[in-house]
Trainee: 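Take a look at the following structure, please.
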Amino acid sequence: MDKLHVALLSANRLPVEKYGGTQRQLVGLARELLRLGHRVTLVAPSGSFIPGARMIFAATAREAFARIPRDVDIVNSHCGDPPAGFDRPCLITHHGNSEAPVGGNRNFVSRDHARRHGRETFVHNGLAVDEALFGERKSERYLFLSRINRSGKNVTRALRLAIEHDLQLDLAGGGRWVLLTRSAVRRERAFLTSLDRRFAFHGEVGGWTKARLLAEARALLFPIRWNEPFGLVVIEALLAGTPVIASPRGPMPELINPDIGFLCETDAEFADAFATVGAIPARYCRDYAAEHFSIEKTTAKYLGLYQRILEGEALP
């Protein structure tokens with residue numbers, strides 16, 4: 001493949017220190033494109049910086065599209081649709097659950113994500129394998145790592161499962177008081193449930209603290225009740241050598257198999273998972289994630305989509 005000049009458009013400042021799966025994907029994609037010898041122009045809010053990339057600052061999506069250099073071969077927007085009349089080769093990557101898009105070359109982050117939007121094209125997210133801290137030996141503590149006040153993440157069930165099965169549970173993604181800030185979680189009395197001494201709250205985490213929690217956990221507890229577009233924390237856990245116990249919603253069946261985790265709906269299924277998860281070798285989890293969800297594999301698939309668009313194909 002000839003070397004390309006790719007414009008990556010971001011709605012958020014890059015890089016990100018703590019929460020921000022979309023931002024981390026963009027940074028990883030940009031770095032890998034540069035490593036492969038492609039040129040990258042990043043159009044993003046002021047303060048963004050990726051070494052080796054040309055930086056252009058834009059406060060809005062409209063401004064970002066207007067500032068794309070003329071020598072760019074293809075535009076990959078992660079901040080929405082181009083304005084009417086935009087005539088450059090363009091791939092629009094969707095990271096969230098929104099209304100079904102119409103027309104244009106669009107990419108989604110899982111097969112389930114694409115299907116729910118009436119499309120077929122998807123590229124799984126990926127991470128830099130060597131940057132993940134691997135933990136061979138696990139503690140007896142489980143980990144819940146998500147925005148704890150978002151109803152779809154289902155912290156309420158995680159708390160109740162921990163009490164019912166006498167689990168020690170670390171929670172990251174907000175302090176305990178945050179459970180009082182969203183009506184759905186507040187109505188479920190999650191705050192009162194969380195006052196049990198078996199719970200430890202770590203707030204929003206990044207860097208070494210996040211890496212250590214992931215590497216030491218007996219398992220990641222991910223009992224979601226909404227259809228995630230992807231669920232990057234699942235891959236973060238697996239790269240750390242930590243198996244995942246999740247609800248079979250959204251793309252979870254694409255990400256998790258019986259060798260490295262469990263898909264559970266009923267309390268009995270969760271009970272079986274807690275009883276046997278310790279038998280899963282950490283190395284199985286790491287090797288599986290490294291094979292299927294590396295940033296190298298993700299970038300190669302993006303390059304394939306770029307080439308198809310440049311050859312005039314309309315992505316399904």
Trainee: Would a distance-only check, ignoring hydrogens and angles, find a side-chain to backbone donor-acceptor pair under 3.5 Å from K297 to A290?
Mentor: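 No, K297 side chain to A290 backbone: no donor-acceptor pair under 3.5 Å.
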Trainee: For G241, is there any backbone N or O sitting under 3.5 Å from a side-chain donor or acceptor partner on K138?
Mentor: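 Answer holds: yes.
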Trainee: Does a donor on one side chain sit under 3.5 Å from an acceptor on the other, for E32 and T299?
Mentor: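 The criterion, which ignores hydrogens and geometry beyond distance, is not satisfied for T299 and E32.
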Trainee: Under a single-linkage definition using a 4.5 Å side-chain heavy-atom cutoff for Ile, Leu, Val, Met, Phe, Trp and Tyr, are I260 and L232 assigned to the same hydrophobic cluster?
Mentor: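 Yes; L232 is reachable from I260 via cluster members.
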Trainee: Counting C-beta onward and ignoring hydrogens, is there a side-chain heavy-atom pair between L91 and L315 closer than 4.5 Å?
Mentor: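 Answer yes - side chains close enough.
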Trainee: Could you report the tightest heavy-atom contact between A273 and F262, atom names first, then the distance?
Mentor: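 Minimum heavy-atom separation between A273 and F262: CB-CG, 3.6 Å.
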Trainee: Determine, stepwise, if the pair F230 / L255 fulfils side-chain contact (heavy atoms from CB on, under 4.5 Å).
Mentor: CA-CA 9 Å; F230 184 76; L255 309 186; 3.7 Å; yes
Trainee: The test is side-chain contact (heavy atoms from CB on, under 4.5 Å); show your working for L33 and L303 and say whether it passes.
Mentor: CA-CA 9 Å; L33 287 170; L303 283 168; 3.7 Å; yes
Trainee: Hey, are the side chains of P45 and N12 touching, using non-hydrogen atoms and a 4.5 Å cut-off?
Mentor: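 The answer is no, as the side chains (C-beta and beyond) never meet within the 4.5 Å cut-off.
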Trainee: For R286 and L239, which heavy atoms make the closest approach, and how far apart are they?
Mentor: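 Minimum heavy-atom separation between R286 and L239: NH1-O, 2.7 Å.
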Trainee: For the residue pair Y284 and D259, what are the closest heavy atoms and their distance?
Mentor: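 It is CD2-O, 4.2 Å.
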Trainee: Is the CD atom of E131 crowded by more than 12 outside heavy atoms at less than 6.0 Å?
Mentor: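 No, not enclosed.
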Trainee: E228 versus K153: any side-chain heavy-atom pair under 4.5 Å?
Mentor: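 Yes. Closest side-chain heavy atoms under 4.5 Å.
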Trainee: Could you pull out the closest heavy-atom pair between S294 and V129, with the gap in Å?
Mentor: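 What the structure gives for the nearest pair is CB-CG2, 3.9 Å.
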Trainee: Considering all heavy atoms of both residues, which atom of C264 and which atom of I245 are nearest to each other, and what is their separation?
Mentor: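 Nearest heavy atoms, C264 then I245: SG-CG2, 4.0 Å.
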Trainee: With no hydrogens and no angle check, is any side-chain donor or acceptor of H113 less than 3.5 Å from a backbone partner on G96?
Mentor: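 Side chain of H113 to backbone of G96: a pair is present.
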Trainee: Distance-only, no hydrogens or angles: does the S194 side chain make a donor-acceptor pair with backbone N or O of F191 under 3.5 Å?
Mentor: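 Yes; at least one donor-acceptor contact below 3.5 Å.
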Trainee: So, taking the atom named CG in L9 and the one named CZ in R67, what distance separates them when rounded to the nearest 0.5 Å?
Mentor: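 If we round to the nearest 0.5 Å, L9:CG and R67:CZ are 12.0 Å apart.
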Trainee: So which of T242, L169, L214, L221 actually passes side chain to side chain contact (heavy atoms under 4.5 Å, CB included) with L143?
Mentor: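 Exactly one candidate clears the test, L214.
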Trainee: Output the distance between atom CZ (R186) and atom CG (L180), rounded to the nearest 0.5 Å.
Mentor: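 With rounding to 0.5 Å, CZ (R186) is 7.5 Å from CG (L180).
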Trainee: Look at the side chain of S151 and the backbone N and O of V185, then say whether any donor-acceptor pair between them is shorter than 3.5 Å.
Mentor: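 Here the side-chain-to-backbone pair does not exist.
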Trainee: Is any side-chain heavy atom of Q23 less than 4.5 Å from a side-chain heavy atom of R13?
Mentor: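 No. Closest side-chain heavy atoms not under 4.5 Å.
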Trainee: Is L4 reachable from L29 through a run of hydrophobic residues whose side-chain heavy atoms are each under 4.5 Å from the next?
Mentor: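 Same cluster.
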Trainee: Which heavy atom of F293 sits nearest a heavy atom of N125, and at what distance?
Mentor: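 In this case the closest contact between F293 and N125 is CD2-O, 3.8 Å.
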Trainee: Ignoring hydrogens and angles, state whether a donor on the side chain of H124 or E254 is under 3.5 Å from an acceptor on the partner side chain.
Mentor: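 There is such a pair (donor and acceptor under 3.5 Å, judged by atom type) between the side chains of H124 and E254.
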Trainee: Does any part of the side chain of Y142, heavy atoms only, come nearer than 4.5 Å to the side chain of L161, both counted from C-beta?
Mentor: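 No, every pair of side-chain atoms sits at 4.5 Å or beyond.
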Trainee: Do F144 and P223 come within less than 4.5 Å of each other through their side chains, counting heavy atoms only?
Mentor: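 A side-chain contact under 4.5 Å exists here.
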Trainee: If I take atom CZ from residue F122 and atom NE2 from residue H94, how far apart are they, to the nearest 0.5 angstrom?
Mentor: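 Going from the CZ atom of F122 to the NE2 atom of H94 covers 15.5 Å.
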Trainee: Would you say I163 and F222 are hydrophobically clustered, going by side-chain heavy atoms of ILVMFWY under 4.5 Å?
Mentor: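 No, I163 does not connect to F222 through the hydrophobic network.
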Trainee: Please answer: with hydrophobic residues joined when any side-chain heavy atoms are less than 4.5 Å apart, are V6 and V123 in the same cluster?
Mentor: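 Linked, V6 and V123 end up in one cluster.
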Trainee: Do R119 and N107 pass the side-chain contact (heavy atoms from CB on, under 4.5 Å) test, and can you show the C-alpha distance, the side-chain angles, and the key distance before you say yes or no?
Mentor: CA-CA 8 Å; R119 305 294 289 255; N107 173 57; over 6 Å; no
Trainee: Check this for me: E265, atom CD, are more than 12 non-hydrogen atoms of other residues, nucleotides or ligands nearer than 6.0 Å?
Mentor: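 Open.
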Trainee: Assess whether a salt bridge exists between R160 and E164, defined as any Lys/Arg side-chain N lying under 4.0 Å from an Asp/Glu carboxylate O.
Mentor: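 Salt bridge between R160 and E164, a charged N being under 4.0 Å from a carboxylate O: no.
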Trainee: Output yes when a side-chain donor or acceptor of N154 lies under 3.5 Å from a complementary backbone atom of I224, and no otherwise.
Mentor: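 Absent.
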Trainee: Side-chain contact, heavy-atom cut-off 4.5 Å: F65 with S77?
Mentor: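 Yes, side chains in contact.
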Trainee: How far does CG of L127 sit from CZ of R24, to the nearest 0.5 angstrom?
Mentor: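 It is 5.5 Å, given to the nearest 0.5 Å.
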Trainee: Once rounded to the nearest 0.5 Å, what's the spacing between atom CG of L14 and atom CD of Q25?
Mentor: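 Reported value, rounded in 0.5 Å steps: 11.5 Å.
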Trainee: State whether D112 and R249 are salt-bridged, where the test is any N-O pair (Lys NZ or Arg NE/NH1/NH2 against Asp/Glu carboxylate O) under 4.0 Å.
Mentor: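 Between R249 and D112 there is no salt bridge, as every charged N stays at least 4.0 Å from the carboxylate O atoms.
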Trainee: Can you check whether H165 and F270 have ring centres sitting under 6.0 Å from each other?
Mentor: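 Judged by ring-centre distance (under 6.0 Å), H165 and F270 do not meet the cut-off.
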Trainee: Roughly how far, to the nearest 0.5 Å, is NZ of K301 from OG1 of T121?
Mentor: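 Interatomic distance, T121 OG1 to K301 NZ, rounded to 0.5 Å: 12.0 Å.
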Trainee: I want to check something: taking the side chain as every heavy atom from C-beta on, are L8 and Y302 in contact at a cut-off of under 4.5 Å?
Mentor: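 L8 vs Y302: side chains apart.
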Trainee: What I want to find out is whether D170 reaches R218 closely enough, with some N-O distance under 4.0 Å, to be called a salt bridge.
Mentor: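 Salt bridge flag = no for R218 with D170.
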Trainee: Going by atom types alone, do D73 and Y306 pair a side-chain donor with an acceptor below 3.5 Å?
Mentor: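 Result is no, nothing qualifies.
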Trainee: May I ask whether L192 and W177 are part of the same hydrophobic cluster, defined by side-chain heavy atoms of I, L, V, M, F, W, Y residues being less than 4.5 angstrom apart, directly or through others?
Mentor: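 Per the 4.5 Å side-chain linkage, L192 and W177 are co-clustered.
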Trainee: Do the side-chain N and O atoms of R225 and S247 include a donor-acceptor pair separated by under 3.5 angstrom?
Mentor: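 Side chains of R225 and S247: no pair found under 3.5 Å.
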